[in-house]
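Structure first, then comments.
For clarity, every value in this text was computed on a predicted model and none was experimentally measured. Worth knowing before you read on, the calculation uses all heavy atoms, side chains too, and leaves out hydrogens, waters and symmetry mates. Counting begins at 1 with the first residue of the sequence. Whatever order the structure lists them in is the order used to number ligands and atoms, beginning at 1.
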Amino acid sequence: MIVNNSIDISEIVAEYGLTDHLIELDEVGLTVVSQETLRLSDEWIDRLRDALLRVGEARTGVSFNLATGPSANIEGRPSQTGQMIFSHLVHEDQAFIDVLTHPVKKALMTYMLGDGHRLAVSDGWIKWQTPDAWENEVTTGFHTDQSMVPAPWHWRVPHIANMNWTLTDYTRDDGALAYVPGSHREGRLPEPDEALPRAIPVEAPRGSLVMFNGALWHGAYRKKTPGLRLTMLGQHCRPYMLPFQDFKGRIPNESFEHSEDPEYLRSLMREDETQLRVGPMPVPPIA
Ligand SMILES: [Fe+2]
């Protein structure tokens with residue numbers, strides 16, 4: 001029986017054949033689950049991809065072409081690095097909510113973070129060919145997702161864990177996630193220039209789920225090819241931490257009613273949380 005706090009994930013692990021993925025999360029700190037193992041249709045992935053493209057276009061006024069990239073220059077940092085992150089996606093489309101309750105994601109997240117973990121961010125990532133003026137080998141520097149908690153960390157009990165859904169093929173030249181296998185066991189941040197020589201890319205086809213430990217050293221390679229790299233991502237945190245985006249009380253009832261796992265969804269959104277208030281804290285009068 002595989003129990004992390006009160007939730008028993010054995011059934012899902014057996015049904016989907018996830019034992020090797022659990023071992024990989026222990027030893028490597030990252031695992032890639034295939035579309036076949038996830039039992040997801042191409043249409044399911046298309047729905048997520050198209051929703052992300054819609055949000056990107058609505059928020060920037062620029063259209064994104066899968067083969068050629070953005071239709072116009074986006075001022076500021078995106079034009080320097082060739083990428084843009086779109087936050088708070090759960091408010092944009094039911095697809096971004098449905099992705100949170102997939103049984104495999106639930107089991108692997110529970111394996112890393114235990115019972116009662118929360119959704120910390122709901123983001124989408126649109127990345128295009130890295131401009132020549134950007135000279136670095138990486139477009140996202142090496143870091144860990146739980147660096148807000150001072151090291152040392154114990155790899156078995158990460159404070160944060162991440163899910164990345166690949167909505168386009170991931171190769172090194174396509175600007176894939178870069179990571180250092182086993183680095184989560186070091187329990188610390190990398191020193192400057194320490195991670196890149198030891199890093200390898202996540203090479204995965206579209207429709208894969210990448211799960212990793214919040215202590216894992218990771219970044220992303222520059223994108224050498226034209227077209228888009230698309231990702232839906234979501235850091236999750238343990239229940240003693242506050243999520244980086246506040247979803248509590250902001251998800252409409254219909255979203256829970258349409259969910260295949262409403263109880264888990266409510267827990268992800270902190271709807272069962274009783275210690276923290278929604279809205280402004282009352283201020284006592286000054287005597
Ligand atoms: Fe990260």
Side-chain angles (χ1 to χ4, degrees), residues 24-25 28-33 52 77-78 80-90 96 99-100 105 108-109 111-113 117-127 130 134 136-153 155 157-168 170 172 174-204 208-223 229-238 241-245 268:
E24 221 167 18
L25 284 175
V28 179
L30 176 148
T31 194
V32 181
V33 187
L52 174 57
R77 184 112 179 126
Q80 294 165 13
T81 57
Q83 59 186 356
M84 202 165 175
I85 296 177
F86 299 90
S87 71
H88 294 82
L89 292 186
V90 289
F96 299 123
V99 75
L100 299 172
K105 174 258 157 174
L108 298 184
M109 200 59 87
Y111 184 69
M112 287 190 281
L113 294 183
H117 54 260
R118 312 301 193 191
L119 178 68
V121 303
S122 168
D123 288 354
W125 194 306
I126 300 182
K127 181 170 177 174
T130 309
W134 184 263
N136 296 338
E137 178 60 20
V138 294
T139 48
T140 303
F142 283 90
H143 65 281
T144 68
D145 284 345
Q146 64 181 34
S147 55
M148 73 294 292
V149 181
W153 311 304
W155 66 272
V157 281
H159 302 285
I160 300 276
N162 206 335
M163 63 167 197
N164 280 195
W165 297 81
T166 66
L167 307 180
T168 51
Y170 260 44
R172 180 177 177 139
D174 287 329
L177 190 71
Y179 71 104
V180 178
S183 55
H184 64 308
R185 292 195 178 213
E186 306 222 11
R188 63 178 176 90
L189 280 163
E191 297 297 330
D193 303 323
E194 183 182 10
L196 182 59
R198 294 167 54 188
I200 60 172
V202 171
E203 306 255 28
S208 306
L209 170 61
V210 185
M211 301 283 296
F212 57 96
N213 187 301
L216 188 78
W217 304 352
H218 66 283
Y221 292 111
R222 66 182 297 124
K223 190 173 190 314
R229 189 207 80 168
L230 300 172
T231 315
M232 163 74 199
L233 62 103
Q235 293 169 2
H236 290 54
C237 60
R238 285 189 182 263
M241 300 177 77
L242 273 178
F244 312 140
Q245 295 164 16
L268 285 175

### Query
Any side-chain heavy-atom pair from Val90 and Leu100 closer than 4.5 angstrom?
yes
### Listed protein N/O/S atoms, distance to the Fe ion (ligand 1) under 2.8 Å
His143 NE2, Asp145 OD1, His218 NE2
### Query
Got a second to check how far Ser183's OG is from Leu216's CG, nearest 0.5 Å?
4.0 Å
#### Entry: Inter-residue atom distance Asn164.CG - Leu209.CG, 0.5 Å rounding
8.5 Å
### Message
Which residue in the set Trp217, Tyr179, Phe142 passes side-chain contact (heavy atoms from CB on, under 4.5 Å) when paired with Arg198?
### Response
Trp217
#### Entry: side-chain contact (heavy atoms from CB on, under 4.5 Å), paired with Leu268, selected from His117, Arg118, Met109
His117
### Query
For His218, which of Thr144, Asn213, Asp145 qualifies under side-chain hydrogen bond (donor to acceptor under 3.5 Å, both in side chains)?
Asp145
